[in-house]
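Structure first, commentary second.
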Amino acid sequence: MSEEAAAPVGNFLWSLVESDLAEGRHKSVITRFPPEPNGYLHIGHAKAIYINFGIAKEFGGRCHLRFDDTNPVKEEQEYIDSIQADVRWLGFDWGDHLYYASDYFDTLYVWAEHLIEKGLAYVDDQTADAIRISRGTLTAPGTNSPFRARSVEENLDLFRRMRKGEFPNGARVLRAKIDMTAGNINLRDPVIYRILHAHHQRTGDAWCIYPNYDFAHGQSDAIEHVTHSLCSLEFEDHKPLYEWLLANLPVPAFPKQTEFARLNITYTILSKRHLTQFVRDKHVKGWDDPRMPTLAGLRRRGVPPAALLDFVKRAGIARANSVVDIAMFDAAVREYLNKAAPRYMAVLRPLKIVIENYPEGQGEELEAVNNPEDPAAGTRKVPFSRELYIEQDDFMENPPKKFFRLSPGTEVRLRYAYFITCREAVKDAAGNVIELRCTYDPATKGGNAPDGRKVKATMHWVSAAHAVKAEVRLYNPLFTRPDPGADGDPVQDLNPNSLEIVEAKLEPELANAKVGETVQFERLGYFCRDSDAGLVFNRTVGLRDAYAKAQ
RNA sequence: UGGGGGAUCGUCUAACGGUAGGACCGCGGACUCUGACUCCGCUAGUCUAGGUUCGAAUCCUAGUCCCCCAGCCA
């Protein structure tokens, strides 16, 4: 093995393209990402995008963005726009190669007539129900339509009249004439054109008949000279039809379809139908709700595109159905953000403390490191004063053994500031701790004790007088079980606590955070400034927490 | 009882007849001005039964289990 040898790609798709190129079956690779513009892209699409654009990039080819817009009743311009924005956000570029299946409606129509002329397609007058019944079942063969033997002339005439708009929706369809007894049901004279008196977002009212997926996809691939048509496993059964059409039409190229398993993730639903439902029924606030697995939602939550792509890559590409642990996603996000995100201090659930021996009215600025993983990120000043906020979780009046934080009589470090000792917990009438009286050791300024004494905990804090208030949205999984919908409707598995809102106290610098910027709140997690008015942060992902886990 | 596909640590994934490896999770430990990060270590797998072979996750045979397909959706 030579040292020059490229690292093995490790998945069958890259290997396939590599060998097709090496063995001269193609000069260069052309792939395509072909979404239907009927919803927002989600993390499952990120996998398809990674595969198609990733292969093109890896092997010096190109990837087309093609909208599979053959069903005008479901599609909208809003989705066309959002899909382009999302693909760009992931960092991919289709150059001049933006296409629409609707670009090919004229050609597809001509090819449909071509099929009719070859005696390979016919107009069927049966109702949808009748067609369904005569299609047979999984185990019983279908039976021929009474209209199957129509002459070429009659079929041509009827099909042209379908196109002219002489018939209402559902009155007739065009079917490929293949084999009503085929084991593969897709070959039992599949419908390839249907009457749809509907306005198309791009072709307007030019058409009232539309090709369906099977009659558009492979031909579109061929027209664009796509070499590798990569799709998910459920289209496996369509491949014989895909190839039958290419073999029987005057197409300029013969793309090859190869399937891979789609992405599934625990605690996550990746079905457009359900996601649409959650938006429509207001279980979430919109397509870009940070709890949604949509690219728009993940972006708003603060997930960097590079982390998302890394996750998709780590999850792997294979032909076996699988469900990836959401923990793998969190790990990818944390790994990226740990290196990239600047650190700040923020207190989510404030508990006021008063440093009794710190002079009233006095204040100072302490130097804090912006990112220990990145010295170039520099330092900043954080204001300190007599009254501070610490996290409620960081104090316990009667601590258990392994509690290292503050409790009456213990000493801890305030990060970048001083060692403090808790002297007294002040309670309200109900017995709740509402304030802590503490003292500090002036000799420990900056966080180190000259006498070398150690503390077990370092805590984050915010100066009460300087703190800025912010709404912080803490997101939890949208579902309460790893396999939402396994018992039926995923709506039943929706997590009622998927969003928790707290009013937090932040160090003042955070008021300048840019919308969309993800930062670390030390000891808490990664948070992203939201686009909503005011100072609002979304929790992207929490930090790993060995202490919480031990509880 | 039709057709198509799939089965490797708990999860995801490598291996292309020649040492079953990696990642995530979990569990220890070291380090630490984030109970984070980092580092070290541990745990743990070829669906079953036969066969071929010097040698099988890989090839053969027979099973088992799982997924997809009966839209005028994609």
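Chain letters run A, B, ... following the sequence lines, proteins first and then strands; every chain starts at 1.
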- Message: Please report the distance, rounded to the nearest Å, between CD in E522(A) and C1' in C37(B).
- Response: 11 Å
- Residue D237(A), side-chain heavy atoms: nucleotide from C73(B), G6(B), G3(B) that is nearest: G3(B)
- Message: From the set C69(B), U34(B), G26(B), return the single nucleotide nearest to any side-chain atom of N186(A).
- Response: C69(B)
- Y100(A) six-ring face occupied by R202(A) cation (under 6.0 Å, within 45°): yes
- Query: Are any of R334(A)'s side-chain N or O atoms less than 4.0 Å away from OP1 or OP2 of U34(B)?
  - Reply: no
- Task: Name the nucleic acid region contacted by P372(A), choosing base, sugar-phosphate or nothing; use a 4.0 angstrom heavy-atom cut-off, strictly under.
- Result: base
- Would you mind classifying the nucleic acid contact of N448(A) as base, sugar-phosphate or nothing, using non-hydrogen atoms under 4.0 angstrom? base
- Message: Please give the distance between the C1' atoms of G22(B) and G45(B) as a whole number of Å.
- Response: 13 Å
- Query: Would you call the rings of Y79(A) and Y40(A) parallel, tilted or perpendicular, where under 30° means parallel and over 60° means perpendicular?
  - Reply: perpendicular
- Query: Do F215(A) and W111(A) have ring centres separated by under 6.0 Å?
  - Reply: no
- Item | Rounded distance (Å) that lies between atom P of G6(B) and atom CD of E234(A) | 15 Å
- Message: Heavy atoms only, 4.0 Å cut-off, all strands: where does V369(A) land among base, sugar-phosphate and nothing?
- Response: nothing
- Query: For F167(A), is the NZ or CZ atom of R172(A) found under 6.0 angstrom from the centre of its six-membered ring and inside 45 degrees of the ring axis?
  - Reply: yes
- What interatomic distance, in whole Å, is found between P of G3(B) and the corresponding atom of C9(B)? 29 Å
- Task: Would you mind telling me which of D189(A), N155(A), D124(A) makes a side-chain hydrogen bond (donor to acceptor under 3.5 Å, both in side chains) with R175(A)?
- Result: D124(A)
- Looking at every strand, decide which applies to Q520(A) at a 4.0 Å heavy-atom threshold: base, sugar-phosphate, or nothing. base
- Query: Closest to the Y213(A) side chain: G6(B), A74(B), G3(B)?
  - Reply: A74(B)
- Base, sugar-phosphate alone, or nothing: which one does T137(A) contact when heavy atoms must sit under 4.0 Å apart? base
- Task: Give Y210(A) one of three labels, base, sugar-phosphate or nothing, depending on what nucleic acid heavy atoms sit under 4.0 Å from its own.
- Result: nothing
- Message: So L233(A), base contact, sugar-phosphate only, or nothing? Heavy-atom distance under 4.0 Å.
- Response: nothing
- Query: Taking the side chain of T70(A) as its heavy atoms from C-beta onward, which of A74(B), A14(B), G35(B) lies nearest to it?
  - Reply: A74(B)
- Item | Upstream residue (5' side of RNA chain B) when F403(A) and G136(A) are each assigned their closest nucleotide | F403(A)
- Query: Is K239(A) paired with E259(A) through a side-chain N to carboxylate O contact shorter than 4.0 Å?
  - Reply: yes
- Task: Could you tell me the separation between the CD atom of E522(A) and the CG atom of L543(A), rounded to the nearest 0.5 Å?
- Result: 9.0 Å
- Assign R188(A) to base, sugar-phosphate, or nothing according to its heavy-atom contacts below 4.0 angstrom with the strands shown. nothing
- Task: Calculate the interatomic distance between L187(A) atom CG and A70(B) atom P; express it in whole Å.
- Result: 14 Å
- L230(A) CG to A74(B) P, straight-line distance once rounded to whole Å: 20 Å
- Message: Give me the distance, rounded to whole Å, that separates G26(B) from C37(B) when you measure between the P atoms they each carry.
- Response: 10 Å
- Query: Taking CZ from R415(A) and P from C37(B), how many angstroms apart are they, rounded to a whole number?
  - Reply: 14 Å
- Query: Contact class for N338(A) vs. all strands (heavy atom < 4.0 Å): base, sugar-phosphate, or nothing?
  - Reply: sugar-phosphate
- Task: Select base, sugar-phosphate, or nothing to describe what T127(A) touches, counting heavy atoms under 4.0 Å on all strands.
- Result: base
- Item | Nucleotide nearest T458(A) (side chain, heavy atoms from C-beta), chosen from U34(B), A14(B), G3(B) | U34(B)
- Item | With A548(A) via side chain to side chain contact (heavy atoms under 4.5 Å, CB included) - residues at least two apart | D545(A)
- Base, sugar-phosphate, or nothing for K549(A), non-hydrogen atoms under 4.0 angstrom? sugar-phosphate
- Side chain of F235(A) (C-beta onward), nearest among A74(B), U34(B), G6(B): A74(B)
- Looking only at atom C1', what distance separates C31(B) and C24(B), rounded to whole Å? 23 Å
- Test side-chain contact (heavy atoms from CB on, under 4.5 Å) on V324(A) and F311(A) and set out the steps. CA-CA 10 Å; V324(A) 178; F311(A) 161 69; 3.8 Å; yes
- Note on the structure: Exactly one candidate in Y104(A), F105(A), Y193(A) meets ring-ring contact (aromatic ring centres under 6.0 Å, His included) with Y210(A); the answer is F105(A)
- Span that lies between the C1' atom of G63(B) and that of G55(B), in whole angstrom: 26 Å
- Message: For H238(A) and Y242(A): C-alpha separation, side-chain torsions, deciding distance, then whether ring pair (Phe, Tyr, Trp, His ring centres under 6.0 Å) applies.
- Response: CA-CA 6 Å; H238(A) 291 250; Y242(A) 181 105; 9.9 Å; no
- Query: Looking at the side chain of R343(A), which of G3(B), A74(B), U34(B) is the nearest nucleotide?
  - Reply: U34(B)
- Task: Remember a base hit wins even if backbone is also touched, and classify A331(A) as base, sugar-phosphate or nothing at under 4.0 Å, heavy atoms.
- Result: sugar-phosphate
- Message: Strictly below 4.0 Å: does S322(A) bring a side-chain N or O up to OP1 or OP2 of U13(B)?
- Response: yes
- Per the O4'-C1'-N9-C4 / O4'-C1'-N1-C2 angle with a 90° window around 0, G71(B) comes out syn
- Item | Contiguous pairing runs of three or more, Watson-Crick or G-U under 3.5 Å, that involve RNA chain B | B:2-7 with B:64-69, B:10-13 with B:21-24, B:26-30 with B:38-42, B:47-51 with B:59-63
- Would you classify E367(A) as touching base, sugar-phosphate or nothing, given that sugar-phosphate means primed atoms plus P, OP1 and OP2, and contacts are heavy atoms under 4.0 Å? nothing
- Query: Of the candidate nucleotides A36(B), C72(B), A70(B), which contains the atom at the shortest distance from the side chain of R194(A)?
  - Reply: C72(B)
- Length of the line joining R523(A):CZ and U34(B):C1', which is rounded to integer Å: 7 Å
- Item | Rounded distance in Å between the C1' positions of A56(B) and U61(B) | 15 Å
- Item | Rounded distance in Å between the C1' positions of U46(B) and U64(B) | 16 Å
- Relative to the 5' end of RNA chain B, which residue comes earlier, A315(A) or K456(A), by the nucleotide with the nearest heavy atom? A315(A)
- Item | cation_pi(R163(A), Y109(A)) dist<6.0 Å, angle<=45 | yes
- Query: Roughly, in whole Å, what's the span from CZ in R405(A) to C1' in A36(B)?
  - Reply: 12 Å
- Message: Which nucleotide wins on minimum distance to the side chain of E236(A), given the candidates C16(B), G5(B), G35(B)?
- Response: G5(B)
- Task: For U58(B) and C47(B), measure between their C1' atoms and round to the nearest Å.
- Result: 15 Å
- Scan H238(A) against the nucleic acid and name what it touches under 4.0 Å (heavy atoms): base, sugar-phosphate only, or nothing. base
- Message: Given G35(B), C12(B), G71(B), identify the nucleotide with an atom nearest to the side chain of V324(A).
- Response: C12(B)
- Query: For the pair made of CZ in F260(A) and P in C68(B), what is the distance, rounded to whole Å?
  - Reply: 17 Å
